[in-house]
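Worksheet: the structure to be examined is printed underneath.
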Amino acid sequence: MTDMPENPVVTNDKWLAALDKEGLRGDYKHMRPDYTVDQDWSAYSAEEHALYKRLYERQLKLLPKYACTEVIEGVTQLGASNTIPRLEEISNKLRKATGWELVGVPGLVPDLAFFKLLASKRFPVTIWLRKPEEFDYIVEPDVFHDCFGHVPLLFNPFFADYMQAYGQGGLKAKGLNALPMLSRLYWYTVEFGLIKTDQGLRAYGAGIMSSGGELVHCIDSPAPSREPFDLETVLSTDFHIDTYQEKYFVIDSFEDLMEKTAQDFTAIYARLRQMPIRQPSKKYG
Ligand code: HBI
Ligand code: FE
């Protein structure tokens, strides 16, 4: 059994910068070698269940106008959330739909542990909920961000395959020392992706879906730029983790996203390593 660090070093320096001195909030003292922990559903307070319900209801109202159909279908399959979901209950539904299951984690886990979980179709869900004063914004992913932001699309076979391929790609990228580039793909699709639909532009990214303000902003605001998804542009465009995005990338469909990212990235990494990193804001073009 590998000895577990007290607080795992989250290799993504952006997270460390955003977390600043507080460090990681979760309790990492009792986790298993794969960084998973059990969800003690009885430990949540009535106030926490009520806060989760308020977060859920706020976002649910926005879905018809701002979320893509696949997200709405996933939320429907998840069922109403009057309380913090039981991970085991969702796993039972998810296994039938796409073979995925949810596992509890104390919070952010190191990239390698994260990729291993995704590659084995196990999605890591943070087991704690934000504080009431964090209703509108939280830096680290909490149980609401993961369950309402990420889980619904795991019911979609194409997206579920994309997430598993991302995990497998992450294990490769680690060996190629290309994690900063690959994490941009995750950021601009899984967390902050937009998609073209017959009803117009819609959101699918989890970071958007779990945010009251950004779900409206990403579609309605003239401020950010929105451009067609292009793998090399995405891999070489930097991002901010503690403000609304200044740039969004738009896919045509999840099938198309799968197709565009199915290739081996080794040669692309090698080429992009020589190029300057693009800034997302319009100011820098
Ligand atoms: N850990 N629990 C958790 N959730 C994430 O979304 C997550 C993570 N660790 C690393 C990480 N995301 C990012 O660095 C990805 O780009 C890998
Ligand atoms: Fe996330």
Side-chain angles (χ1 to χ4, degrees), residues 4-5 7-19 23-28 31-32 34-37 39 55 59 71 74 87 100-130 134 137-154 159 162-193 203-211 214-215 218 234-235 237-242 245 261 265 269:
M4 230 72 62
N7 252 343
V9 178
V10 177
T11 47
N12 190 321
D13 56 357
K14 289 183 181 306
W15 287 111
L16 289 178
L19 293 169
L24 293 169
R25 183 183 312 193
D27 173 2
Y28 289 79
M31 56 193 180
R32 286 179 279 268
D34 60 1
Y35 282 82
T36 60
V37 293
Q39 177 193 38
L55 285 161
Q59 296 309 102
V71 165
L87 302 189
W100 276 72
E101 61 183 25
L102 305 185
V103 287
V105 286
L108 284 172
V109 299
D111 288 343
L112 199 55
F114 185 66
F115 296 137
K116 280 185 186 157
L117 288 168
L118 296 188
S120 54
K121 298 177 83 164
R122 301 166 77 211
F123 189 81
V125 175
T126 294
I127 54 169
W128 50 261
L129 181 69
R130 67 188 71 187
E134 296 170 305
Y137 181 69
I138 183 166
V139 180
E140 274 187 86
D142 71 334
V143 66
F144 180 72
H145 166 79
D146 285 332
C147 284
F148 191 86
H150 285 287
V151 173
L153 274 183
L154 290 174
F159 197 80
Y162 176 70
M163 287 296 276
Q164 184 179 24
Y166 180 85
Q168 290 157 343
L171 298 174
K172 254 197 288 190
K174 178 95 182 158
L176 297 166
N177 196 13
L179 290 193
M181 281 191 265
L182 188 69
S183 64
R184 294 181 192 129
L185 178 61
Y186 190 83
W187 194 263
Y188 283 116
T189 57
V190 180
E191 295 294 357
F192 290 94
Y204 70 89
I208 299 175
M209 221 43 72
S210 57
S211 158
E214 192 152 6
L215 183 46
C218 74
V234 167
L235 289 174
T237 303
D238 199 4
F239 58 86
H240 311 298
I241 91 163
D242 46 6
Q245 297 309 303
T261 55
F265 290 8
Y269 289 148

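Note that ligands are numbered from 1 as they come in the structure, with each ligand's atoms numbered from 1 the same way.
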Task: Nearest atoms (heavy-atom pairs only) where R25 meets E140 - done: N-OE2, 3.1 Å

Under 4.0 Å from a heavy atom of [X]: which atoms of ligand 1 are those, numbered in the order shown and with their elements?
| X | answer |
| --- | --- |
| V109 | 1 (N), 2 (N), 3 (C), 8 (C), 9 (N), 10 (C) |
| S183 | 16 (O) |
| F115 | 17 (C) |
| G107 | 2 (N) |

Open item on the list: What I want to know is whether D111 and ligand 1 share at least one N or O pair that is separated by under 3.5 angstrom.
Closed with: yes

Open item on the list: Can you tell me if T126 contacts ligand 1 (heavy atom of the residue under 4.0 Å from the ligand)?
Closed with: no

Task: Flag, side chain of E191 to backbone of Y186, donor-acceptor distance under 3.5 Å - done: no

- [ ] Return yes if some donor-acceptor pair links the side-chain N/O of S210 with the main-chain N/O of A206 below 3.5 Å, else return no.
- [x] yes

TODO: Using a 4.5 Å cut-off on heavy atoms from C-beta on, say whether the side chain of Y166 contacts that of T189.
DONE: no

Open item on the list: I'd like to check Q59 versus F144 (side-chain heavy atoms, cut-off strictly below 4.5 Å). Are they in contact?
Closed with: yes

- [ ] Please work out the angle at the Fe ion (ligand 2) defined by atom NE2 of H150 on one side and atom NE2 of H145 on the other, rounded to 10°.
- [x] 90°

Task: Which segment of Y166 sits under 4.0 Å of ligand 1 when only heavy atoms are counted - done: side chain

- [ ] Record the part of W187 in heavy-atom contact with ligand 1 below 4.0 Å; permitted values are side chain, backbone, both and neither.
- [x] neither

TODO: For the residue pair W187 and Q245, confirm or rule out a side-chain donor-acceptor distance under 3.5 Å.
DONE: yes

Open item on the list: Can you tell me which N/O/S atom of E191 has the shortest distance to the Fe ion (ligand 2)?
Closed with: OE2

Sequence neighbours left out, cut at 3.5 Å: what donor-acceptor pairs do the side chains of residues 117-126 make with other protein atoms?
unit_1 : atom_1 : unit_2 : atom_2 : d
S120   : OG     : K116   : O      : 2.9
S120   : OG     : L117   : O      : 2.9
K121   : NZ     : T98    : O      : 3.0
R122   : NH1    : D34    : OD2    : 3.2
R122   : NH2    : D34    : OD2    : 3.3
T126   : OG1    : P141   : O      : 3.0
T126   : OG1    : D146   : OD2    : 3.4

